[in-house]
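Heavy-atom basis, side chains included; hydrogens, waters and symmetry copies ignored. Throughout, a chain's letter reflects where its sequence line sits, starting with A, and its residues are numbered from 1. These figures come from a predicted structure and were not determined experimentally.
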Amino acid sequence: MKIYNTLSREKEEFIPLMEDKVRIYACGVTVYDYCHIGHARSAIVFDVIRRYLKHKGFHVTYIRNFTDIDDKIINRANQEGITWDTVAGKYTDEYYRDMDRLGVGRADAEPKATEYIQEMIDIVKGLVEKGFAYEADGSVYFSVDTFSGYGKLSKRDPEEMIAGARVEVDERKKNPLDFALWKKSKEGEPFWESPWGLGRPGWHIECSAMSLKHLGESFDIHGGGADLLFPHHENEIAQSEAFTGKPFARFWIHNGFITIDKEKMSKSLGNFFTIREVLDTFDPEVIRLFLLSTHYRSPIEFSDEQLHESETSIDRYYSTIMRINDFLEKDYNVKNDFSNSGKIFKDLLFSFRDRFGEAMDDDFNTALALGHIFEIIREANRFLDHKPSGTKDRELLLLTKELLSEAGSVLNIFDRTPHEWYLSLMKIKKIGLSEQDILEKISERQDARQKKDWGSADAIRKELEEKGIILEDKKDRTDWKIKVG
RNA sequence: GGCGGCGUACCCAAGUGGCAAGGGAGAGGUCUGCAAAACCUUUAUGCAGCGGUUCAAAUCCGCUCGCCGCCUCCA
């Protein structure tokens with residue numbers, strides 16, 4: 001399998017450092033506010049990467065951290081007149097609420113920066129002793145000049161960066177690119193004791209400390225949003241490799257941004273939607289499908305229209321499952337051969353696992369994988385149109401369900417029954433009726449239909465349709481669905 | 001200014017040397033009491049533009065145009 005490695009800017013064959021074990025560290029969030037849909041993308045991308053590697057049989061250790069001490073948290077606490085750890089605690093809880101709803105699994109460990117203060121201090125101390133860092137006025141800085149590989153991830157030349165005017169000038173730094181490993185705490189700020197006095201950790205050092213602790217000096221995959229590439233990940237490499245003398249992460253994976261009007265969604269631009277806002281109008285599965293229908297490295301333009309299309313796609317899956325279920329419920333005559341259309345469908349179905357795997361093996365190409373999934377859905381419908389019959393045909397449709405659900409489990413979609421899907425839509429779309437109400441209307445309409453009173457029957461259907469409920473007449477009954485798109 | 005990415009149909013989107021996936025929208029049709037769903041047909045001799053390399057280019061190279069990102073906190 002191939003993974004695009006930011007370090008080489010190429011797709012590389014992925015071979016874990018330890019036989020069948022894969023160790024992944026992904027940068028999580030700073031818990032100072034509700035998460036927006038961009039955070040959801042990153043979380044879902046790495047969730048799928050982890051699920052797929054497991055699916056392939058790797059033993060995966062996945063670590064995702066929380067930054068729970070930081071300027072933004074402190075500012076927020078000051079604004080609201082509460083303590084910094086109350087802020088961090090609150091938004092950690094909110095983060096879990098959003099992620100649970102989105103079907104993002106918990107990592108194997110979810111360390112918080114403040115639980116690793118001692119480990120961070122040990123690394124900083126080591127870096128000072130080895131001459132990679134220096135103390136200045138109670139703070140400790142990493143000396144970029146001492147680390148020859150500085151810039152290898154972001155492909156930047158330190159000399160040229162200094163020329164760029166946007167690097168903040170700090171008198172205490174030997175080189176403007178030097179970054180804080182340990183920050184002296186100001187009056188009223190949270191602090192921990194250290195060999196350099198009272199202070200708190202710099203931002204980058206936490207990931208070095210926590211990955212070292214949980215995954216060791218060298219591990220397989222380090223990931224995060226593309227905006228972390230520089231300076232965060234560049235600095236992590238410098239600190240970690242200077243400290244251990246060993247290569248840090250083998251593969252660097254960066255997910256692309258979500259855009260609004262082609263511009264990056266971000267807190268500072270104010271053009272963001274929180275996860276919970278989007279969850280108000282769309283089912284979590286719809287959001288997952290939307291985010292996975294574009295390759296993880298490409299930007300995704302956030303739009304209502306696209307979300308509606310994803311909703312239609314998910315509905316297409318559940319409608320097809322309903323059709324298959326209807327077919328499987330029926331009596332069948334025992335016949336052991338495939339029908340003609342069965343033979344054609346069989347070939348496509350039997351090759352599905354390979355094609356799905358091929359797509360995912362190619363740098364987690366979920367968009368292509370979904371293409372294969374929807375091809376199966378189309379062909380299954382076509383097969384059903386051709387009046388399948390007999391045991392062999394039945395088996396094909398059972399296999400269809402199995403394959404779709406297996407592929408879905410990697411993406412963590414398709415895990416409900418059609419009925420559950422429609423009940424969820426009923427809530428989200430605020431249909432004013434209960435299922436009981438709908439069933440009563442249906443039965444009322446059935447009576448009218450028996451009497452061939454088409455006028456009344458159509459009136460009931462129209463009435464329901466105006467409320468967002470679609471009726472589907474079948475041979476022996478009428479099913480209801482929620483209108484999508 | 002430095003570095004990087006992107007531009008594929010009406011819309012979204014895969015495709016990195018060999019017949020342009022998949023979905024949505026539109027139009028027409030089959031099925032149906034009528035619908036819905038589903039299926040079928042239809043929509044790029046064409047991949048921002050112009051050159052070049054090659055038997056062969058969306059794909060490789062060069063230039064041009066347009067959009068975006070990073071270089072400061074960011075998923």
*Asks:* Starting at atom CD1 of A:I344, determine the distance to atom C1' of B:C39, rounded to an integer number of angstrom.
*Replies:* 14 Å

*Asks:* Determine the Euclidean distance between corresponding C1' atoms of B:A27 and B:G17; express it in Å to zero decimal places.
*Replies:* 37 Å

*Asks:* For nucleotides B:C73 and B:C12, find the distance between their C1' atoms and express it as a whole number of Å.
*Replies:* 32 Å

*Asks:* Rounding to the closest angstrom, what is the interatomic distance between B:A48 and B:C6 at atom C1'?
*Replies:* 11 Å

*Asks:* Mark this stacking check for A:W454 against B:G33 as yes or no, applying ring centres under 5.5 Å and ring planes under 30°.
*Replies:*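 According to the criterion (under 5.5 Å, under 30°), yes, A:W454 stacks.
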
*Asks:* Is A:D385 side chain donor-acceptor paired with the B:C31 base, going by distance under 3.5 Å alone?
*Replies:*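 By the distance-only test, no, there is no pair.
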
*Asks:* For B:G18 versus B:C11, give the span between their P atoms, rounded off to a whole number of Å.
*Replies:* 26 Å

*Asks:* What is the distance from atom CZ of A:F364 to atom CG of A:D361, rounded to the nearest 0.5 Å?
*Replies:*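 It is 8.5 Å, given to the nearest 0.5 Å.
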
*Asks:* Does A:K267 make a side-chain N or O approach to OP1 or OP2 of B:A75 shorter than 4.0 Å?
*Replies:*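 The answer is no; no side-chain N or O of A:K267 sits under 4.0 Å from OP1 or OP2.
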
*Asks:* If the C1' atom of B:A25 is compared with that of B:C10, how far apart are they to the nearest Å?
*Replies:*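 One C1' to the other, the span is 8 Å.
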
*Asks:* Output, in order, the C-alpha distance, side-chain angles, deciding distance and verdict of ring-ring contact (aromatic ring centres under 6.0 Å, His included) for A:Y34 and A:F273.
*Replies:* CA-CA 10 Å; A:Y34 296 112; A:F273 291 92; over 10 Å; no

*Asks:* Between B:A38 and A:R323, counting only base atoms on the nucleotide and side-chain atoms on the residue, is there a donor-acceptor pair under 3.5 Å?
*Replies:*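 Side chain to base: no pair present.
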
*Asks:* What about A:E375, does its side chain sit under 3.5 Å from the base of B:G22 through a donor-acceptor pair?
*Replies:* no

*Asks:* B:A9 and B:C47: how far apart are their C1' atoms, nearest whole angstrom?
*Replies:*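 That atom pair is separated by 10 Å.
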
*Asks:* Within the structure shown, what part of the strands sits under 4.0 Å from A:Q306 by heavy-atom distance: base, sugar-phosphate, or nothing?
*Replies:* sugar-phosphate

*Asks:* Please confirm whether any donor atom in the side chain of A:R378 sits under 3.5 Å from an acceptor in the base of B:G24, or the reverse.
*Replies:* no

*Asks:* Taking A:R288 first and then A:D47, would you say they form a salt bridge - that is, a charged N and a carboxylate O separated by under 4.0 Å?
*Replies:* yes

*Asks:* For atom C1', what is the distance between B:A38 and B:U59, given to the nearest Å?
*Replies:*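 Between the two C1' atoms, the distance is 36 Å.
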
*Asks:* Would you mind reading off the distance between A:L368 atom CG and B:A14 atom C1', rounded to a whole angstrom?
*Replies:*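 A:L368 atom CG is separated from B:A14 atom C1' by 6 Å.
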
*Asks:* Within a 6.0 Å radius of atom CZ on A:F14, are there more than 12 heavy atoms belonging to other residues, nucleotides or ligands?
*Replies:* yes

*Asks:* Taking only side-chain nitrogens and oxygens of A:R316, does any of them come within less than 4.0 Å of OP1 or OP2 of B:A38?
*Replies:* yes

*Asks:* For B:A37, does OP1 or OP2 lie under 4.0 Å from any side-chain N or O of A:N381?
*Replies:*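 So the side-chain polar atoms of A:N381 never come under 4.0 Å of the phosphate oxygens OP1 or OP2 of B:A37.
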
*Asks:* Counting distance alone, no hydrogens or angles: does the base of B:C40 have a donor or acceptor under 3.5 Å from a partner atom on the side chain of A:R382?
*Replies:* no

*Asks:* Output the distance between atom OG (A:S8) and atom CH2 (A:W252), rounded to the nearest 0.5 Å.
*Replies:* 13.5 Å

*Asks:* Both A:S42 and A:L229 contact RNA chain B. Which one's nearest nucleotide lies toward the 5' end?
*Replies:*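 The residue whose closest nucleotide sits nearer the 5' end is A:L229.
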
*Asks:* Could you identify the nucleotide paired to B:U30, looking across every strand shown and requiring Watson-Crick or G-U wobble geometry with both distances under 3.5 Å?
*Replies:* B:A38

*Asks:* Per the atom types in the model, does the base of B:G33 pair as donor or acceptor with the side chain of A:D458 at under 3.5 Å?
*Replies:*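 It does, because a donor-acceptor pair links the side chain of A:D458 to the base of B:G33 below 3.5 Å.
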
*Asks:* Write down the distance separating the C1' atoms in B:G26 and B:G33, rounded off to the nearest Å.
*Replies:*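 After rounding to an integer number of Å, I get 28 Å for this pair.
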
